[in-house]
Number of protein chains: 2
Amino acid sequence: MTARTSTDTAREIPEATVARLPVYLRALTTLSESGTAVCSSEDLAAAAGVNSAKLRKDLSYLGSYGTRGVGYDVDYLRYQIAREMGATRDWPVVIVGIGNLGHALANYSGFRSRGFRVVALLDADGQRHGEVVAGVVVRPFDDLAAIVHEHGVAIGVIATPAASAQDVADRMVESGITSILNFAPTVLNVGDHVAVSKVDLSKELQVLAYHEQRKATAEEAAKASAAQEPA
Amino acid sequence: MTARTSTDTAREIPEATVARLPVYLRALTTLSESGTAVCSSEDLAAAAGVNSAKLRKDLSYLGSYGTRGVGYDVDYLRYQIAREMGATRDWPVVIVGIGNLGHALANYSGFRSRGFRVVALLDADGQRHGEVVAGVVVRPFDDLAAIVHEHGVAIGVIATPAASAQDVADRMVESGITSILNFAPTVLNVGDHVAVSKVDLSKELQVLAYHEQRKATAEEAAKASAAQEPA
DNA sequence: TCTTGTGAATAGATTCACAGCA
DNA sequence: TGCTGTGAATCTATTCACAAGA
């Protein structure tokens with residue numbers, strides 16, 4: 001079954017490109033708000049922190065939305081990327097685990113402005129039930145299936161401790177959720193049809209520490225070598 | 001200047017490998033806590049969520065710490081990776097911007113257990129000064145340079161709104177910080193000698209939404225095509 | 001016999017450099 | 001003329017498959 005209809009939009013967009021599209025979207029929004037109507041690939045690349053060849057290659061996977069000799073219409077390009085990303089739709093999400101991080105996520109305005117609507121906050125701890133966070137009441141974790149069904153939730157966010165994350169993921173999958181954003185520091189085992197994305201708050205810090213350490217040892221080595229062999 | 005001394009440990013570790021080492025470290029800690037003394041590349045790969053060939057290739061950049069026919073000594077390998085990553089050292093860090101996210105970061109136990117010590121919490125808002133978060137007093141942003149100097153801080157974390165992030169970064173660089181972890185949704189411009197790493201809370205969600213949307217349209221297309229050409 | 005460590009093969013991402021078009 | 005869009009070249013990462021060694 002490799003037949004394709006003419007309405008088919010199945011251009012294959014590389015994963016690395018998909019990961020950068022949100023960055024371009026953000027940069028275009030900033031440009032638009034500062035009153036820029038048209039920009040070159042060079043301008044947009046600078047605003048997004050990439051080089052212009054990469055930007056043009058990325059955009060070429062979506063289609064041909066620029067004008068040679070001129071550049072890109074900021075609002076038009078922004079709309080095209082938003083549509084491709086699904087950012088023009090409304091995405092109901094549930095957040096499970098209302099500790100410090102869950103609080104921060106519930107209050108994060110960046111979700112709302114990108115089409116994500118927090119329809120429920122769930123926590124297994126009865127002490128928290130009834131508490132209102134960011135205008136949403138915290139409810140029992142057992143309400144998950146009902147909420148997913150009622151609102152047609154496809155995306156779930158896990159902000160629990162590592163120990164409960166796999167259980168939460170299993171229940172999410174049972175309830176019909178097919179995409180999970182996992183902030184718990186653990187690897188989740190889910191079926192192939194479920195997409196899991198992971199954010200590890202300390203991983204990035206560890207990578208920075210690695211490079212710091214390399215810088216430090218490289219300097220020491222250079223100093224020692226200069227002392228030993230003073231050319 | 002390409003001369004190398006014999007004590008030089010300048011094996012070049014690929015960036016993709018460096019990004020996975022924290023994951024292996026976490027998996028090894030879990031294995032160790034569950035009483036596993038020795039594991040195969042297959043075991044560790046499963047615990048880390050990668051395939052075993054990739055794991056072995058990654059470890060081979062660090063050296064040869066396994067035993068053929070047997071596997072890896074969990075604690076020994078864990079120590080070797082930790083040392084390579086700089087996780088056996090103490091890394092003083094400052095967090096700037098003590099809103100919801102700053103609170104969550106200050107309270108995150110995963111930093112402390114990986115060698116990161118929060119030596120200061122800074123905020124420009126005078127209302128917050130004196131407040132104690134996770135056992136640390138919130139101080140004025142202007143104390144930055146003094147704190148960096150006093151504790152030898154190399155790594156700074158930005159958890160401010162986008163609008164102030166560039167100013168904070170500039171001040172951090174002036175003060176001598178050389179690695180920045182940026183949670184603000186904006187691209188930072190810093191000199192070449194400064195490493196910046198960015199975590200975008202909504203980016204991952206947007207990538208998931210993209211894949212959700214693709215799944216949905218693929219299903220629709222299949223349905224439509226089945227209706228039109230009922231083989 | 002079993003599992004690591006690693007060259008060779010493959011796949012994927014980035015960059016170059018320029019043809020094509022406004 | 002100037003900037004996009006894109007093949008071709010390069011660089012990086014992943015996977016394969018097996019020799020080396022406990």
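Letters A, B, ... mirror the listed sequences (proteins, then strands); counts begin at 1. What you see is a predicted model; the values in this text were computed from it and never measured.
Atom pair B/R20:CZ and D/dT15:C1' shows a separation of 12 Å (rounding to whole Å applied). To the nearest angstrom, P of D/dG5 lies 14 Å from CD1 of A/I13. We find that CD of A/E42 is positioned 8 Å from P of D/dT4, with the value rounded to whole Å. Per the geometry, NZ belonging to A/K54 stands 18 Å off C1' belonging to D/dT4, to the nearest Å.
Under 3.5 Å, the side chains of B/T186 and B/Q166 contain no donor-acceptor pair of N or O atoms. There is no side-chain donor-acceptor pair under 3.5 Å between A/N100 and B/Y108. A donor atom on one side chain and an acceptor atom on the other are not found under 3.5 Å apart for B/T88 and B/R83.
Checking side-chain atoms of A/S32 against main-chain N and O of A/L28 turns up no donor-acceptor pair under 3.5 Å. The closest donor-acceptor contact from the side chain of A/S175 to the backbone of A/R171 lies under 3.5 Å. Remark: side-chain polar atoms of A/W91 are paired, donor with acceptor, to backbone N or O of A/G86 under 3.5 angstrom.
Heavy-atom distances under 4.0 Å link DNA chain C to A/R56, A/K57 of residues 56-66 of chain A, given in residue order.
Both A/V70 and B/S41 sit near DNA chain C, but only B/S41 has its closest nucleotide nearer the 5' end. When each of B/A53 and A/A53 is assigned the nucleotide of DNA chain C bearing its nearest heavy atom, the one mapping closer to the 5' terminus is B/A53.
At D/dT15, one or more side-chain N or O atoms of B/N51 fall inside 4.0 Å of OP1 or OP2 (strictly under the cut-off). Dashed line: the shortest gap from a side-chain N or O of A/T67 to OP1 or OP2 of D/dT4 is not under 4.0 Å.
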After noting the C-alpha distance and the side-chain angles of B/V74 and B/L44, does the key distance pass the side-chain contact (heavy atoms from CB on, under 4.5 Å) rule? CA-CA 9 Å; B/V74 171; B/L44 181 51; over 6 Å; no
List the steps and the verdict of side-chain contact (heavy atoms from CB on, under 4.5 Å) for B/L55 and B/Y24. CA-CA 9 Å; B/L55 173 85; B/Y24 300 157; 3.6 Å; yes
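Among pairs with a residue in residues 23-49 of chain B, those fulfilling salt bridge (Lys or Arg N to Asp or Glu O under 4.0 Å) read A/D200-B/R26, at least two apart in sequence or across chains.
Read 5' to 3', the first and last nucleotides of DNA chain C with an atom closer than 4.0 Å to a heavy atom of chain A are C/dA13 to C/dA22.
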